[in-house]
> 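Right, I'll just put the structure down here and ask away after.
From a predicted model like this one, the values you see are computed outputs, not experimental measurements. Order of the sequence lines sets the chain letters (A, B, ...), proteins ahead of strands, with each chain counted from 1.
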Amino acid sequence: METIARELLNAVLYTRIDGQLCAGRIVETEAYAGTVDRACHAYGGRRTKRTEIMYLPGGHAYVYLIYGIHHLFNVVTHRKDQPHAVLIRALEPLEGVEVMIRRRNRPDNPYKLTGGPGLLTRALGITTRDSGVDLTGDRIWLEESGEPVPEKTIVRGPRIGVDYAGADALLHRRYWIKDNPWVSGKK
DNA sequence: CTGACGATTCACT
DNA sequence: GTGAATCGTCAGC
C-alpha cells in the first residue's frame with residue numbers, strides 16, 4: 001500500500017541474526033500494489049509457494065532471491081489475501097555497523113553498505129529463510145523512530161527495474177528521503 | 001523435466 | 001557504457 005510506503009520512511013529496521021544486533025533507518029521504499037499491479041509478483045492473483053507469503057496479513061516479511069544472487073526484503077502491508085508489499089530499498093546504518101561491514105566484505109564506498117535492496121539484506125543477514133517471519137518478533141522487527149518525515153523531504157518517482165510491467169512501470173511508487181546519500185539508484 | 005528469466009550488483013571497456 | 005554472475009521459481013510441455 002502506498003501510504004505505508006511513505007510511513008515506513010524513517011522507521012528503523014532491526015535484525016538479531018546469528019546473535020548480532022543490527023539496525024538501520026529506512027530511507028527508500030517501493031510499493032507493490034497486489035493483484036492489479038503488473039510489477040507485483042502476485043499480479044493476476046498468482047499464488048505460488050513463493051508468493052503465498054504476500055497473502056499473509058500485514059506485518060510479515062516477504063523475502064525472495066533475485067538473479068540467483070541477491071535477497072530482497074519486503075514488508076507485507078495489507079490484510080489477509082490482499083497481496084500488497086513494500087520493498088525496502090535503502091537504509092542508513094544505525095547499529096551494528098561493524099557486523100554489517102564484515103558481512104558485506106567490501107569496504108569501498110561506505111554508502112553502498114546498505115544503499116540498495118540487495119545490499120541491505122546482505123548487511124543485515126536477511127535471507128530467504130526469513131520469508132514469512134512475523135515482524136513483531138525478535139529476529140527481524142520494525143520500530144518507529146519518533147519523528148515522522150516532513151512531507152516536504154519525501155520525494156517520489158518511478159520504481160526501478162520493473163520495465164517489464166508496461167504502463168505500471170511508470171507509476172510513481174518509489175519513495176525516498178530527499179538528498180539522503182544512502183538512497184540507491186538514480187532519479 | 002526443461003528452459004527462460006528476474007523488484008541487482010559488480011567488474012570491466 | 002556493457003555484460004556476467006548464478007539459481008530458485010514458474011510456465012509449459
> Looking only at atom C1', what distance separates C:dG3 and B:dC5, rounded to whole Å?
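Nearest-Å result for C:dG3 against B:dC5 at atom C1': 16 Å.
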> For the residue pair A:Thr48 and A:Thr51, confirm or rule out a side-chain donor-acceptor distance under 3.5 Å.
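Result is yes, a qualifying pair exists.
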> Separation of A:Met54 atom CE from B:dA7 atom P, in whole Å?
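Interatomic distance, CE of A:Met54 to P of B:dA7: 10 Å.
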> Quick one: which of A:Ile88, A:Leu72, A:Leu113 gives a side-chain contact (heavy atoms from CB on, under 4.5 Å) with A:Leu120?
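Only one option passes, and that is A:Ile88.
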> Take atom P in B:dA4 and the same atom in C:dA4, then report the distance between them in whole Å.
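The answer is 16 Å between these two P atoms.
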> Expressed in angstrom and rounded to an integer, what is the separation of A:Glu28 atom CD from B:dA7 atom C1'?
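From A:Glu28 CD to B:dA7 C1': 11 Å.
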> Please answer whether the main-chain N or O of A:Phe73 pairs with a side-chain N or O of A:Thr121 as donor and acceptor at a distance below 3.5 Å.
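No, A:Thr121 side chain to A:Phe73 backbone: no donor-acceptor pair under 3.5 Å.
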> At under 4.0 Å between heavy atoms, what does A:Thr51 touch on the DNA or RNA strands: base, sugar-phosphate, or nothing?
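Contact class for A:Thr51: sugar-phosphate only.
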> Could you state the atom-to-atom distance from CG of A:Leu120 to P of B:dA7 in whole Å?
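Interatomic distance, CG of A:Leu120 to P of B:dA7: 16 Å.
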> Does B:dT9 have its OP1 or OP2 closer than 4.0 Å to a side-chain nitrogen or oxygen of A:Arg104?
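A:Arg104 to B:dT9 OP1/OP2: no side-chain N or O under 4.0 Å.
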> Is A:Glu30 salt-bridged to A:Arg173, cutoff N-O under 4.0 Å?
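No, this pair does not count.
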> Going through the checks in order, is the side-chain contact (heavy atoms from CB on, under 4.5 Å) test met by A:Ile140 and A:Leu13?
CA-CA 7 Å; A:Ile140 305 174; A:Leu13 175 64; 3.8 Å; yes
> Find the distance A:Asn105:CG to B:dC10:P and express it as a whole number of Å.
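So the CG-P distance, A:Asn105 to B:dC10, works out to 11 Å.
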> Under 4.0 angstrom, heavy atoms only, what part of the nucleic acid is A:Arg47 near: base, sugar-phosphate, or nothing?
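Touches nothing.
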> What is the distance, to the nearest angstrom, from the CG atom on A:Asn74 to the C1' atom on B:dG6?
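Taking CG of A:Asn74 and C1' of B:dG6, I get 14 Å after rounding.
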> Is the A:Tyr62 ring parallel, tilted or perpendicular to the A:His41 ring (thresholds 30°, 60°)?
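Judged by the thresholds at 30° and 60°, the geometry between A:Tyr62 and A:His41 is perpendicular.
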> Rounding to a whole Å, what distance do you find between A:Asn109:CG and B:dT9:C1'?
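Atom CG in A:Asn109 sits about 13 Å away from atom C1' in B:dT9.
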> Taking only side-chain N and O atoms of A:Arg122, does any of them lie within less than 4.0 angstrom of OP1 or OP2 on B:dC10?
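Looking at the OP1 and OP2 atoms of B:dC10, neither is under 4.0 Å from any side-chain N or O of A:Arg122.
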> Check the geometry between A:Tyr64 and C:dG8 and answer yes if their rings are stacked (centres below 5.5 Å, planes below 30°), otherwise no.
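Not stacked by the 5.5 Å and 30° rule.
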> Scan nucleotides 1-7 of chain C against the protein and return all N/O pairs shorter than 3.5 Å with their distances rounded to 0.1 Å.
{"residue": "C:dT6", "atom": "O2", "partner": "A:Tyr67", "partner atom": "O", "Å": "2.3"}

> Can you hop from A:Leu142 to A:Tyr14 via hydrophobic side chains spaced under 4.5 Å?
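Looking at the clustering, A:Tyr14 is in a separate group from A:Leu142.
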> Does C:dT9 have OP1 or OP2 under 4.0 Å away from a side-chain N or O of A:Arg46?
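Negative; the distance criterion is not met.
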> Does any nucleotide pair with C:dC10 by Watson-Crick or G-U wobble geometry, both distances under 3.5 Å, and what is it?
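Partner of C:dC10: B:dG3.
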> Output the rounded distance in Å from NE2 (A:His71) to P (B:dT9).
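From A:His71 NE2 to B:dT9 P: 13 Å.
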> May I ask you to verify if any side-chain N or O of A:Tyr164 is less than 4.0 angstrom from the OP1 or OP2 atom of B:dA7?
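Yes, because at least one side-chain N or O of A:Tyr164 sits under 4.0 Å from OP1 or OP2 of B:dA7.
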> Is it the case that the side chain of A:Asp130 and the backbone of A:Thr127 share a donor-acceptor pair, with hydrogens and angles ignored and the cut-off at 3.5 Å?
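Checked: pair present.
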> Does a side-chain N or O of A:Thr48 approach OP1 or OP2 of C:dT9 to a distance below 4.0 Å, or not?
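No, no such contact exists.
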> Once you apply a heavy-atom cut-off of 4.0 Å, does A:Arg50 come out as touching a base, just sugar-phosphate, or nothing?
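Result for A:Arg50 = sugar-phosphate.
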> Rounded off to whole Å, could you give me the CD-to-C1' distance for the A:Glu52 and C:dC10 pair?
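Between C1' of C:dC10 and CD of A:Glu52: 15 Å.
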